[in-house]
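A quick write-up on the structure given underneath.
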Amino acid sequence: MIQVTLPDGSVRDFEADVTPYDVAKSISGSLAKKALAARIDGELRDLMRPLDGPASIEIVTSVDADGLELIRHDAAHVLAQAVQDLFPGTQVTIGPVIDDGFYYDFAREEPFSSEDFAAIENRMREIVDADYPIEREVWEKGAAIAEFERLGEVYKAQIIDDIIPAGEDITIYRQGDWFDLCRGPHLPSTGKLPKAFKLMKLAGAYWRGDSKNEMLQRLYGTAWANEKDLKAHLTRLEEAEKRDHRKLATQLDLFHLDSLAMGSVFWHPKGYQIWLQVEAYIRRRLAAEGYNEIKTPQLMDSAQWEKSGHWGKFRENMFVVPDFVPDGEGEVTVPKDAKLMAIKPMNCPAHVEVFKSGQKSYRDLPLRLAEFGCCHRNEPHGALHGIMRVRQFTQDDAHIFCREDQIISETERFCALLQSVYDDFGFTDVQVKLSTRPDVRAGSDDVWDRAEQDLEEAIRHTGLPYEIMPGEGAFYGPKLEFQLTDAIGRVWQCGTLQLDFVLPERLGAEYVAESGAKERPVMLHRAILGSMERFLGILIEEFAGAFPLWLAPVQIVVATITSEADPYAERVAEALREAGFRVEVDTRNEKINYKVREHSVQKVPVIAVVGAREAESGAVALRRFGSKAQSVVSLEDAIRDLSVEALAPDLLRAEPA
RNA sequence: GCCACCGUAGCUCAGUGGUAGAGCACACCCUUGGUAAGGGUGAGGUCACGGGUUCAAGUCCCGUCGGUGGCUCCA
């Protein structure tokens, strides 16, 4: 007999070889029916795997987060089985659970097509209907490798060979005549898998994530506990698509992209107006924090990039031009020995030059040099994405030159500023990553030790939760990354802080210390918004194009009801413009319904309707975006109230209450 | 860069190898109206680009360019 403790604290006795399923059944028949797996002393285990001894036990069903994960994991296995049934000769590799679903990577000569999805899904449903028991088997490593090799499954054999330590056994899960290497646990049978799954997309993926390896075919799927959840998920995806910044940019006339300038943005007046508001805001915030704004060259001698180390690591991603003036009319031939200039891919080497000009004293530190620097990077073409990943972008960049003992306080100041800025834009879901030394790097190990320790200590002081990303740092130093999520759930690096002992050394930056000796400053590379393009892309998606008054490109449209009100509308617009608003007047020969609809579709925050009555009384009828209500107020009152609302958050804070 | 898919009017999209289409937007005319589409007329196209197959290609084949979704990369 063994003792089993249930979640409510009660203890029951069972036969020694009792399974979690038996325990569930002893509680209630319906629980046994719903049971997918069990948590034994906190560890997830198969429902049919007998207990080893006394344990506390919790039955996992599809309403648990763990249960959903099991469902998705099993969906991946059922997908693999279905694919191998339908496409003999296809090899399986790996198939993990991801957010909202799963994927499976297959090796097959022939490409899959999304037209195969229906057939695969049908076969998956048949496998569920067949209700094959899913059975766990323990194999000796060598035997397992031999078996997979016999079946022609070279990838599986390689996985076992690589990840399982010698002497350790592996587990295999069998369903029907199909089986796969797997740590488990799994559902008790394929019939327990809800049919609420759907294949979503097809993509290439390198074997083991290495671009030197062959490319596999990845099938993505989504899986849920029931049809309703699946449907809700699909609806969410549709809604998210409507927020896509590329779609909204077209609808709201914000910018366009064109192959004439691949990976660069043509900003239209409305889109650029948002840019200007964001830029003005961040410029005020930086000035208030003691940053000095500068402007540095777009083209710089390749020698500087060689010295900084960028030439060695990023040459193929830099746009390089010969420094050469052709003479005469004929064909232009660039001399082989022409000096090369690079269009800047980043601002730091130029900022070091500004630091180096003239003498710097310890009294000048920390020196915070900021620049809205326009950079170009020749990115892999497949990496380009809307305005989130472009070839020309502007950073709200700055470099803080400081002493080593100022690193922590400067980092804390930066984190506080960043948090305040993100708050002002309404971003609450910010992920912080601490990226440590990469394999290929500059600087000695003890410099890296110090840099990583300092950065971690600083981020710990801020109290922000963070995750460590081993090996993801910049080549010159570790970094903090502040990531935001777009409408589709993709995560993008926006803010960053990078600690750098290397560049000041390489480019020879120094200051005169208190002792009179020359010393090296430390450099903090930092950006809050990151790329203006990317940040605006995320902002567009965050607000779904309906910007708050302070950011809206057109804040107020004055729309007339009849042409008799035209002169009054012009006077209203003029008064609003004088008060600092961005205003348009709509005196077109259209009905007011039409005008209201059009400007609502354009997500204009305020529509000021004026007709004969308003002209008579000196009033405006205000209609706010998202509301059908109208409020008729005097022009003076409207200006007074809207002026406060239109203040950027930092200016609003400065306003006397 | 790699894999798959896509590219038709300003936008959203139809289009069976046989004369290039619709709605919206745009221009002009009528209509002067009270809070989400009033009516009429008209203009608008190298079907991404380059080859090929065919009596005939937007449609089939090959290539190039660009976009989308992933993978790799991201100072």
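In what follows, every chain begins at residue 1, and chains take the letters A, B, ... in the order their sequences are listed. The model shown is predicted, which means the values in this text are computed figures rather than measured ones.
Ring-centre distance between Phe625(A) and His599(A): not below the 6.0 Å cut-off.
One interatomic measurement links the two molecules: NE2 of His381(A) to P of rC3(B), which rounds to 15 Å at whole-angstrom precision. Atom P of nucleotide rG66(B) and atom NE2 of His256(A) are separated by 16 Å, given to the nearest angstrom. Rounded to whole angstrom, the span from the CG atom of Asp253(A) across to the P atom of rA25(B) amounts to 16 Å. Between Glu590(A) atom CD and rC26(B) atom C1' the separation is 12 Å, expressed in whole Å. At whole-Å resolution of the value, NZ in Lys628(A) and P in rG34(B) are 18 Å apart. For the pair Glu598(A) CD and rC26(B) C1', the interatomic distance rounds to 12 Å; values are reported in whole Å. The separation between Arg588(A) atom CZ and rG33(B) atom C1' is 14 Å, rounded to whole Å. We find that CD1 of Ile592(A) is positioned 14 Å from C1' of rG38(B), with the value rounded to whole Å.
Both distances falling under 3.5 Å, in either a Watson-Crick or a G-U wobble arrangement, place rU64(B) opposite rA48(B). The pairing partner recorded for rU12(B) is rA22(B), the criterion being a Watson-Crick or G-U wobble arrangement whose two distances lie under 3.5 angstrom. Remark: rC28(B) base-pairs with rG40(B). Criterion, Watson-Crick or G-U wobble with two distances under 3.5 Å. Remark: rU53(B) base-pairs with no nucleotide in the shown strands. Criterion, Watson-Crick or G-U wobble with two distances under 3.5 Å. In a base pair of the Watson-Crick type (N1 to N3 plus N6-O4 or O6-N4) or a G-U wobble (N1-O2 and O6-N3), with each distance short of 3.5 Å, rG58(B) is matched with no nucleotide. The nucleotide rC73(B) finds no pairing partner, because no Watson-Crick or G-U wobble arrangement with both distances shorter than 3.5 Å includes it.
Judged by distance alone, the side chains of Glu505(A) and Tyr476(A) never bring a donor and an acceptor atom under 3.5 Å apart. Side-chain contact annotation: Gln483(A) with Glu467(A), donor-acceptor N/O pair under 3.5 Å absent.
The P atoms of rU68(B) and rC13(B) are separated by 14 Å, rounded to the nearest whole Å. Taking atom P on both nucleotides, rC28(B) is separated from rA43(B) by 15 Å, rounded to a whole Å. Comparing rU12(B) with rG70(B), their C1' atoms are spaced 26 Å from each other, to the whole Å. For the C1' atoms, the distance from rG18(B) to rU54(B) is 12 Å, rounded to whole Å. Nucleotides rU59(B) and rU8(B) are separated by 13 Å at their P atoms, to the nearest Å.
Side chain of Val596(A), nearest nucleotide from rU35(B), rG34(B), rG69(B): rU35(B). Distances were taken from every side-chain heavy atom of Leu202(A) (C-beta onward) to each of rA37(B), rG34(B), rA4(B); the shortest belongs to rA4(B). Closest to the Arg218(A) side chain, of the nucleotides rG33(B), rU35(B), rC71(B), is rC71(B).
Ring planes of His399(A) and Phe401(A): tilted class, angle from 30 to 60°.
Using a distance-only test at 3.5 Å, with no hydrogens or angles considered, no donor-acceptor pair links the side chain of Lys313(A) to the main chain of Phe475(A). Between the side chain of Asp105(A) and the backbone N or O of Leu216(A) there is no donor-acceptor pair closer than 3.5 Å.
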Grab the N/O contacts between the protein and nucleotides 72-75 of chain B below 3.5 Å, and write none if there aren't any.
from: rU72(B); atom 1: O2'; to: Ser211(A); atom 2: OG; distance (Å): 3.1
from: rC73(B); atom 1: O2; to: Arg389(A); atom 2: NH2; distance (Å): 2.8
from: rC73(B); atom 1: N3; to: Arg389(A); atom 2: NH1; distance (Å): 3.0
from: rC73(B); atom 1: N3; to: Arg389(A); atom 2: NH2; distance (Å): 3.4
from: rC74(B); atom 1: O2; to: Arg389(A); atom 2: NE; distance (Å): 3.1
from: rC74(B); atom 1: O2; to: Arg389(A); atom 2: NH1; distance (Å): 3.1
from: rC74(B); atom 1: O2; to: Arg389(A); atom 2: NH2; distance (Å): 3.1
from: rA75(B); atom 1: OP2; to: Lys479(A); atom 2: NZ; distance (Å): 3.1
from: rA75(B); atom 1: O3'; to: Tyr476(A); atom 2: OH; distance (Å): 3.2
from: rA75(B); atom 1: O3'; to: Gln498(A); atom 2: OE1; distance (Å): 3.3
from: rA75(B); atom 1: O2'; to: Tyr476(A); atom 2: OH; distance (Å): 3.4

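Put simply, Arg597(A) has no side-chain N or O that comes within less than 4.0 Å of OP1 or OP2 on rG38(B). An OP1 or OP2 oxygen of rG69(B) is reached within less than 4.0 angstrom by no side-chain nitrogen or oxygen of Lys201(A). Here Tyr220(A) does not reach the OP1 or OP2 of rC3(B): none of its side-chain N or O atoms lies under 4.0 Å away.
Nearest-nucleotide positions on RNA chain B place Thr250(A) closer to the 5' end than the other of Phe625(A) and Thr250(A). Of the residues near RNA chain B, Ala205(A) and Ser563(A), the one whose nearest nucleotide (by heavy atom distance) lies more toward the 5' end is Ser563(A).
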Worked check of side chain to side chain contact (heavy atoms under 4.5 Å, CB included) between Trp448(A) and Thr436(A): CA-CA 9 Å; Trp448(A) 275 91; Thr436(A) 57; over 6 Å; no

Kindly indicate, with the supporting measurements, whether the criterion salt bridge (charged side-chain N to carboxylate O under 4.0 Å, His left out) is fulfilled by Glu371(A) and Lys344(A). CA-CA 13 Å; Glu371(A) 176 174 8; Lys344(A) 67 175 169 186; 3.0 Å; yes

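With contacts defined as side-chain heavy-atom distances shorter than 4.5 Å, the pair His376(A)/Arg391(A) does not qualify.
Glu614(A) comes within 4.0 angstrom of a base, heavy atoms only.
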